[in-house]
Number of protein chains: 6
Amino acid sequence: MATAPIISDEQASPEIRAVFDDIRAVRGTDFVNNFWRVLAADPHTLKRTWEEVKAVMIAPGALDPLTREMLYIAVSVTNGCGYCAHSHTAAARAKGMTAEQYGELLAIAGLAAKTNQLADALQVPIDPEFLA
Amino acid sequence: MATAPIISDEQASPEIRAVFDDIRAVRGTDFVNNFWRVLAADPHTLKRTWEEVKAVMIAPGALDPLTREMLYIAVSVTNGCGYCAHSHTAAARAKGMTAEQYGELLAIAGLAAKTNQLADALQVPIDPEFLA
Amino acid sequence: MATAPIISDEQASPEIRAVFDDIRAVRGTDFVNNFWRVLAADPHTLKRTWEEVKAVMIAPGALDPLTREMLYIAVSVTNGCGYCAHSHTAAARAKGMTAEQYGELLAIAGLAAKTNQLADALQVPIDPEFLA
Amino acid sequence: MATAPIISDEQASPEIRAVFDDIRAVRGTDFVNNFWRVLAADPHTLKRTWEEVKAVMIAPGALDPLTREMLYIAVSVTNGCGYCAHSHTAAARAKGMTAEQYGELLAIAGLAAKTNQLADALQVPIDPEFLA
Amino acid sequence: MATAPIISDEQASPEIRAVFDDIRAVRGTDFVNNFWRVLAADPHTLKRTWEEVKAVMIAPGALDPLTREMLYIAVSVTNGCGYCAHSHTAAARAKGMTAEQYGELLAIAGLAAKTNQLADALQVPIDPEFLA
Amino acid sequence: MATAPIISDEQASPEIRAVFDDIRAVRGTDFVNNFWRVLAADPHTLKRTWEEVKAVMIAPGALDPLTREMLYIAVSVTNGCGYCAHSHTAAARAKGMTAEQYGELLAIAGLAAKTNQLADALQVPIDPEFLA
């Protein structure tokens with residue numbers, strides 16, 4: 001159903017297998033989700049993207065892991081990416097997102113989509129106060 | 001430059017003026033930014049949208065004000081709304097967003113846009129594990 | 001400022017000039033707006049697009065001219081196209097759109113953007129009742 | 001398959017059930033579609049969104065119900081929201097949209113998407129004539 | 001499952017059938033894919049769109065057929081159109097796209113989505129050097 | 001005008017300056033465009049993004065430099081990113097894109113946007129023939 005094959009562990013080249021194994025080790029789970037198995041169609045992009053996920057989503061930083069995951073959801077649903085909405089909502093729940101927090105995320109995402117639409121429709125000029 | 005006039009306090013009808021005054025009172029500032037002044041083209045939408053902003057962004061809840069504002073930015077930049085990027089980045093800074101937090105927000109938004117694009121290009125099938 | 005030159009009448013080749021003249025004749029105005037002058041970078045696309053505009057927006061049909069123009073605005077603002085928001089809002093006003101109609105268009109566009117966002121976030125399954 | 005449960009009447013809290021019942025009463029049907037049943041994940045957003053639908057789509061105004069529904073379709077398909085395309089096309093048909101009207105809506109939506117794309121690609125400067 | 005019927009050869013009016021037959025003749029195959037069969041809901045748009053596909057994608061020009069198809073994929077995946085990603089990736093493969101070329105297309109599309117997002121988030125001012 | 005400062009060479013930290021210098025060396029020009037100067041707000045994203053640009057757009061591969069740049073334009077204009085449309089159209093011209101090639105790119109991008117819109121509106125089911 002994808003536009004490229006879903007690569008199993010058995011079909012993976014050593015280069016691809018090394019990324020799958022690192023995903024398992026870093027996440028502490030045996031599960032490697034379809035995104036990585038299909039992205040293996042381009043081993044360079046597979047490796048580069050996983051390295052970026054580790055640096056941006058997993059390495060310690062100024063934002064806690066749940067906030068990062070909720071920001072990821074916000075972008076993903078705005079892009080209308082069904083796979084991404086599913087996988088990152090699941091990830092946020094695994095990181096402790098409560099029903100109340102999810103409800104507020106939905107409310108903010110819906111409100112922002114509406115006011116973005118209104119600002120684009122009205123072509124509102126940027127206030128000088130916002131230009132630093 | 002907008003597709004509707006920027007309504008000054010003097011031009012505002014009592015109904016519109018009441019919303020402007022409530023914005024000032026709730027935010028504790030005399031500044032009413034252009035979004036509201038142009039949205040006044042439709043007083044009903046003006047009032048309804050401001051009530052929604054108060055309920056979603058200002059009322060106490062499970063997410064702190066800065067996290068809400070960063071989620072707003074994430075949606076706005078994904079929609080490519082220039083006015084919204086400016087106004088909500090300014091709002092997030094006013095609520096204490098540090099340069100480091102903003103940098104991480106940028107990194108997450110960029111990474112999510114990339115992986116959304118890849119998942120859409122590859123039409124990755126949703127893993128049964130993500131279906132609750 | 002555009003990514004291709006704005007072609008004046010004097011710079012237009014006979015093929016391009018013929019389209020400009022037809023725009024004037026059909027619209028009953030001497031004004032040829034920048035969209036057509038920049039699109040002249042590709043004379044084939046210029047001609048094909050103008051023919052399509054005549055067939056879709058001007059030829060008699062089941063929808064009246066103002067409804068068509070409001071649908072055009074709805075698509076344009078959802079795509080966040082600033083030029084298009086400006087030009088088609090002006091066109092709708094020239095075709096008689098009232099302030100009240102514009103206000104309702106804004107309200108619908110904003111509400112639809114919000115519920116689209118929510119449906120995408122929640123990945124709502126399509127009801128069998130909607131599948132004809 | 002959604003990212004939140006589909007709430008049946010039996011599972012609904014009194015607050016949620018009141019919204020479901022009002023949907024039934026206002027629409028004059030026993031059918032409550034999945035959008036509302038999944039949106040019940042956040043009862044506040046459920047209630048607020050339904051109130052907004054009543055005010056924007058159902059209350060008397062300057063635009064007739066079918067025009068409103070067609071504008072809703074235009075936004076929804078531009079956002080690529082599959083659920084929304086299905087539900088609002090069904091709603092427009094229930095309000096009398098003919099095959100010819102739907103054909104013209106498709107033609108306008110397709111043409112607008114194309115010219116939006118061309119205007120964005122060419123970065124066409126806004127004509128002074130469009131700035132009121 | 002579509003919002004309009006999938007028209008079989010038997011159900012097609014002579015006007016629609018003529019387009020289906022031309023698709024077969026030009027492509028040298030008996031297969032007419034669902035896009036055309038559903039688009040037949042509006043015979044005018046069906047005919048106009050097929051004529052445009054012939055002029056833009058099939059007539060000789062400055063870009064070779066595979067490059068055109070890859071550009072089509074790039075637009076389609078950015079719009080998140082699942083049907084289009086599937087059909088045009090299949091078409092590109094039929095025109096000789098190799099796994100390595102597809103991998104590079106994915107990498108470029110992902111990178112562009114990321115830098116588009118960052119430029120929109122940062123509202124980067126256009127360098128005078130880019131304005132011709 | 002940006003949401004973060006435009007960092008000059010003098011203001012750049014050694015880490016940022018090293019990226020600027022590498023951009024100059026690799027591109028063989030003294031010009032560092034605003035995208036990189038504003039992205040310097042997050043030095044990690046700056047460095048990672050430039051490394052990705054080198055790997056994806058500059059390193060030898062299966063697609064020639066002009067084709068890559070045209071694919072970049074296709075994604076950028078579909079996202080409606082004004083800065084990106086300007087910078088990558090300029091880059092494509094510097095790599096030899098002719099007026100005729102640009103015209104065909106516009107025609108393809110416009111056609112794809114239209115058919116994406118139609119496929120999304122009609123919710124066309126994917127043909128089994130496209131599922132590998």
Side-chain angles (χ1 to χ4, degrees), chain E residues 1-4 6 31 33-35 38-39 41 45 49 52-53 55-57 61-63 67-68 70-72 74-76 78-79 81-84 86-87 89-90 98 100-101 103-105 107-109 111-127 129-132, chain F residues 1-4 6 31 33-35 38-39 41 45 49 52-53 55-57 61-63 67-68 70-72 74-76 78-79 81-84 86-87 89-90 98 100-101 103-105 107-109 111-127 129-132:
Chain E
M1 215 158 97
T3 62
I6 302 178
F31 176 53
N33 57 308
N34 282 340
F35 176 73
V38 182
L39 189 55
T45 302
T49 305
E52 192 173 345
V53 165
V56 172
M57 296 301 286
L63 299 176
T67 299
R68 296 187 205 186
M70 292 177 77
L71 290 167
Y72 217 118
V75 173
S76 299
T78 306
N79 275 327
C81 178
Y83 183 85
C84 315
H86 274 294
S87 60
T89 304
T98 64
E100 197 184 358
Q101 288 173 319
E104 293 187 16
L105 167 56
I108 295 166
L111 171 60
K114 182 166 82 168
T115 57
N116 291 175
Q117 177 83 313
L118 292 168
D120 276 337
L122 291 161
Q123 292 286 300
V124 183
I126 300 174
D127 306 70
E129 286 83 352
F130 293 147
L131 301 176
Chain F
M1 219 159 91
T3 63
I6 302 178
F31 176 54
N33 56 307
N34 282 340
F35 176 73
V38 181
L39 189 55
T45 302
T49 305
E52 191 173 345
V53 166
V56 172
M57 297 299 287
L63 299 175
T67 298
R68 296 187 204 185
M70 291 178 77
L71 290 167
Y72 218 118
V75 173
S76 299
T78 306
N79 275 328
C81 178
Y83 183 85
C84 316
H86 274 293
S87 59
T89 303
T98 64
E100 199 184 358
Q101 288 173 320
E104 293 187 15
L105 166 57
I108 295 165
L111 172 61
K114 181 166 85 170
T115 58
N116 290 175
Q117 177 83 314
L118 292 168
D120 276 337
L122 291 161
Q123 292 287 299
V124 183
I126 299 175
D127 308 70
E129 286 83 351
F130 294 146
L131 302 176

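Residue numbers begin at 1 in each chain, while the letters A, B, ... track the order of the sequences. Note: hydrogens, waters and symmetry copies are ignored here, and every other heavy atom, side chains too, is used.
Of the residues considered (F:Val124, F:Thr49, F:Val53), F:Val124 shows the highest number of contacts with chain E, using heavy-atom pairs under 4.5 Å. Your options are E:Ala4, E:Ala90, E:Gly103, E:Ser87, and the one with the most heavy-atom pairs under 4.5 Å with chain F is E:Ser87. The choice from F:Ile126, F:Thr78, F:Val38, F:Leu122 that makes the most heavy-atom pairs within less than 4.5 Å of chain E is F:Leu122. Contact count against chain E (heavy-atom pairs under 4.5 Å) is highest for F:Ser76 among F:Ala55, F:Ala41, F:Ala74, F:Ser76. Ranked by non-hydrogen atom pairs under 4.5 Å with chain E, the options F:Ala112, F:Gly61, F:Ala119 are led by F:Ala112.
Judged purely by atom type and a 3.5 angstrom limit, E:Asn34 uses its side chain to pair as donor or acceptor with the backbone of F:Pro125.
Within the 4.5 angstrom heavy-atom criterion, atoms from both the backbone and the side chain of E:Thr115 approach chain F. In this structure, the portion of F:Thr67 lying under 4.5 Å from any heavy atom of chain E is its side chain and not its backbone. For a residue to count as touching a neighbouring chain, one of its non-hydrogen atoms must lie under 4.5 Å from one of that chain's; by this rule E:Ala121 touches chain F with the backbone only.
Shortest non-hydrogen contact noted between E:Phe130 and F:His86 is O-ND1, 4.0 Å. Nearest heavy atom pair, residue F:Leu71 against residue E:Met70, reads CD2-O, 3.4 Å. Closest of all the heavy-atom pairs between F:Asn116 and E:Cys84 is ND2-SG, 3.3 Å. Closest heavy-atom contact between F:Glu104 and E:Ala62: OE2-N, 2.5 Å. The minimum heavy-atom distance linking E:Ala113 with F:Val75 is given by the pair N-CG1, 4.0 Å. Closest approach of E:Leu105 to F:Leu63, counting heavy atoms only: N-CD1, 4.2 Å.
Annotation: side chain of F:Phe31 is in contact with side chain of E:Asp127 (closest heavy-atom distance under 4.5 Å).
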After noting the C-alpha distance and the side-chain angles of E:Met57 and F:Leu111, does the key distance pass the side-chain contact (heavy atoms from CB on, under 4.5 Å) rule? CA-CA 9 Å; E:Met57 296 301 286; F:Leu111 172 61; 4.0 Å; yes
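With hydrogens and angles left out, the side-chain atoms of F:Tyr83 and E:Asp120 include no donor and acceptor closer than 3.5 Å.
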